Amino acid sequence: MAGVIQTTVRRSMPASLFRRARHRSPGLASGLVGGALAAGLGLAVFTVLVMLLWVSSPYPDSGPGGALHVAAALWLLAHGAELVRVDTLSGTPAPMGVPPLLLAVVPVWLLHRAARDTAEGGARDNAPLVPGRIAWAGVVLGYLAVTAPAALYAAGGALRPSGTWTAVCVPLVALVAAGTGVWTAYGRPSGPLEQVLGAVLPRGVRHLVLGPDGRPGVAARAAAAGATVLVAGGAVLLTVSLGRHLGETRGAFGRLTEGWPGWLAVLLLCVALLPNAAVWAAAYALGPGFLLGAGTSVTPLGAQAAPLLPPFPLLAAVPDPGAGTALHGTVAALPLTAGAVVGWFVGRGSVTGGGGFRIWTTGRTAGAAAFAAGLCGALLALLAGLAGGPLGTAALARFGPVWWQVGLATAVWLGLTAAVTALTVRAWCLRRPFRRGGGERRPARVVAPRCRPVPPRPALRTRLPRRRRFGRKRERSAPAPVAEDEPYLLLDQDSDDRDHGGLGGLDAGAGPLGLRPRPAPTSPATNPASPRELPGLPALPALSAPDDAPSPSAPGDTEPRPPA
């Protein structure tokens, strides 16, 4: 018996492992293919661009092999890897670590799409989604399988990628971009983010980053809006400065190269570095400024001369050396505007119950504004770190803003402005109490009751004489006479609905517009019924007139009738 059991177990375990491998292999295989295809497409884009510039250049320094080496190096530079230039005049290798942020969009987008399509591959055939870990691992491994030979090939050119930076930056970019793709394929669930935030942030602050419905919290949205305002404002400052130095910008193209192929290459490089320049301008408006080499800083308070700068078009926007003026101080409006935007988001969220159903207190609102300013400072510090880097050794060892200074300045500027703005917006929104009890609860949505519309009554003139009210000293004037040839008798519009059983005092037997045909005139002998007993009208109570009261006379009578 024991032998039979062991034999069954030995046979069933390989079978179960084979089934698991068979079920998981399509997802893993598609992930490997998708990652390799994303890397190949990225390399192809850079290769085509560099080869076009090399073909159109009138002075090619190397053959097609050199152009291919440059294309592979630029592709690795787009991932954040630092390059090393070996053919320098001094013979000392010079690092080049300023990655154009616009070029990073190509590999990040390709990785994101590859991971998302891999995770959604089974859903197209009405099958369950590919497990996220398998799709993620497949895309990353396939991407790195192409990156390794590309890095080895680029190491033989004039621009060689640094081994340390390549081993760190490329896998990190692949993991993050592929992870966001898989997360998007699964509908952006909040579970993974809650686990990460639960290990980093306390419970009372967690909802400010991630709301209860899985969407970004109030502080996260405010921080993203503040960072967007700062970067967009930096782009505006850059444009204004380039417009003021338009002559120097045009002259830089002619001093760098000749002919339209060279001008096109310089223009493309400037376009790729535009996001970097916008972040530099934002750092300048915040106060810390940026560095144009070791010990050469440019701030609104003053700029130092940098004699080693090349005639690059974007560098023409750098302020002139010397002390800052009142015009340079106007850039402080940018962080003030960003702080106001952050405060507005937090103030609105404090009233609408962001992360809950109660209105925040004053202290909680101010704390949320400070926390949003800190998140915005972290975002700007990350962008400042990516936008700068070395361009050589010695004096060219550092270019761009210092990340920790930019982050600290952003937190201070936006923290003060956002707190004041958030409290002001909160007070403005609460200028009227939501309920009389004084409680600060979120006002419920007021929905108008749904009822049937009542049609308006027809505008008809009343021809019947009004009822007399006895006990009054003055009698009303007699009503206007009714012609005998009128075919319809107008009903009283002021009668009660319950008396007639209809809408607006009209009975069911009435004619058009609530009119009843007028009965034919008959003599009192043949028709002894009184007017109060007419069909369609309620019975009127018997009225007794005093003996000395004169009887009403007909319109045609000239003499009064004797009393009955």
Side-chain angles (χ1 to χ4, degrees), residues 27 31 79-80 104 108 111-112 115-116 118-119 129-141 143-144 165 167-228 342 345-346 349-350 353-358 360-361 363-386 403-404 406-408 410-412 414-415 418-419 422:
H79 294 79
V108 170
L111 276 167
H112 178 86
R116 190 188 67 181
T118 301
L129 292 174
V130 177
R133 295 181 179 179
I134 296 178
W136 189 17
V139 171
V140 172
L141 291 178
Y143 197 84
L144 296 180
W165 284 94
V168 173
C169 295
V170 177
L172 182 61
V173 172
L175 288 173
V176 174
T180 56
V182 174
W183 182 59
T184 304
Y186 274 81
R188 299 181 179 90
S190 59
L193 294 179
E194 290 179 355
Q195 296 178 0
V196 175
L197 294 177
V200 178
L201 298 176
R203 184 177 182 180
V205 188
R206 198 180 311 162
H207 74 278
L208 295 176
V209 181
L210 186 65
D213 52 355
R215 295 184 299 177
V218 175
R221 295 196 301 268
T228 303
V342 172
F345 272 85
V346 175
S350 66
F357 297 96
R358 292 185 178 273
W360 296 351
T361 60
R364 191 177 187 85
T365 304
F371 181 71
L375 288 180
C376 187
L379 290 177
L380 262 293
L382 178 62
L383 292 177
L386 295 176
W403 64 271
W404 65 269
V406 174
L408 183 60
T410 303
V412 172
L414 272 64

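On a predicted model such as this, the values are computed, not experimentally measured, just so you know. When a residue number appears, it is its place in the shown sequence, counting from 1.
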| field | R221 (side chain) donor-acceptor with P216 (main chain) under 3.5 angstrom | value | yes
| Distance in Å, L197 CG paired with L210 CG, rounded so as to fall on 0.5 Å steps | 6.0 Å
| Is the backbone N or O of A381 less than 3.5 Å from a side-chain atom of W404, with the two atoms forming a donor-acceptor pair by type? | no
| Parallel under 30°, tilted from 30 to 60°, perpendicular over 60°: which one fits the rings of H79 and Y143? | tilted
| request: Looking only at non-hydrogen atoms, find the nearest pair between A418 and V342 and report the distance. | output: CB-CG1, 3.8 Å
| task | State the CZ-CD distance between R206 and E194, to the nearest 0.5 angstrom. | result | 8.0 Å
| query | For L383, what residues pass the side chain to side chain contact (heavy atoms under 4.5 Å, CB included) criterion, not counting sequence neighbours? | reply | V231, V279
| field | Taking every non-hydrogen atom, the tightest pair across A222 and A372 | value | CB-CB, 4.0 Å
| Side-chain heavy atoms of L175 within contact of W136, under 4.5 Å | yes
| task | Please name the pair of heavy atoms, one in A185 and one in A119, separated by the smallest distance, quoted to 0.1 Å. | result | CB-CB, 3.5 Å
| CG of L111 to OG1 of T180: how many Å apart, nearest 0.5 Å? | 8.5 Å
| remark: What one should report as the nearest heavy-atom pair of A227 and C376 is N-SG, 3.4 Å
| field | Nearest heavy-atom neighbours spanning A422 and T365 | value | CB-CG2, 3.9 Å
| field | Shortest non-hydrogen contact from V140 toward A174 | value | CG2-O, 3.8 Å
| Contacts of R133 that satisfy side chain to side chain donor-acceptor pair (under 3.5 Å) - sequence neighbours left out | none
| field | Side-chain heavy atoms of V139 within contact of V182, under 4.5 Å | value | no
| Side-chain touch F371/V209, heavy atoms, less than 4.5 angstrom | yes
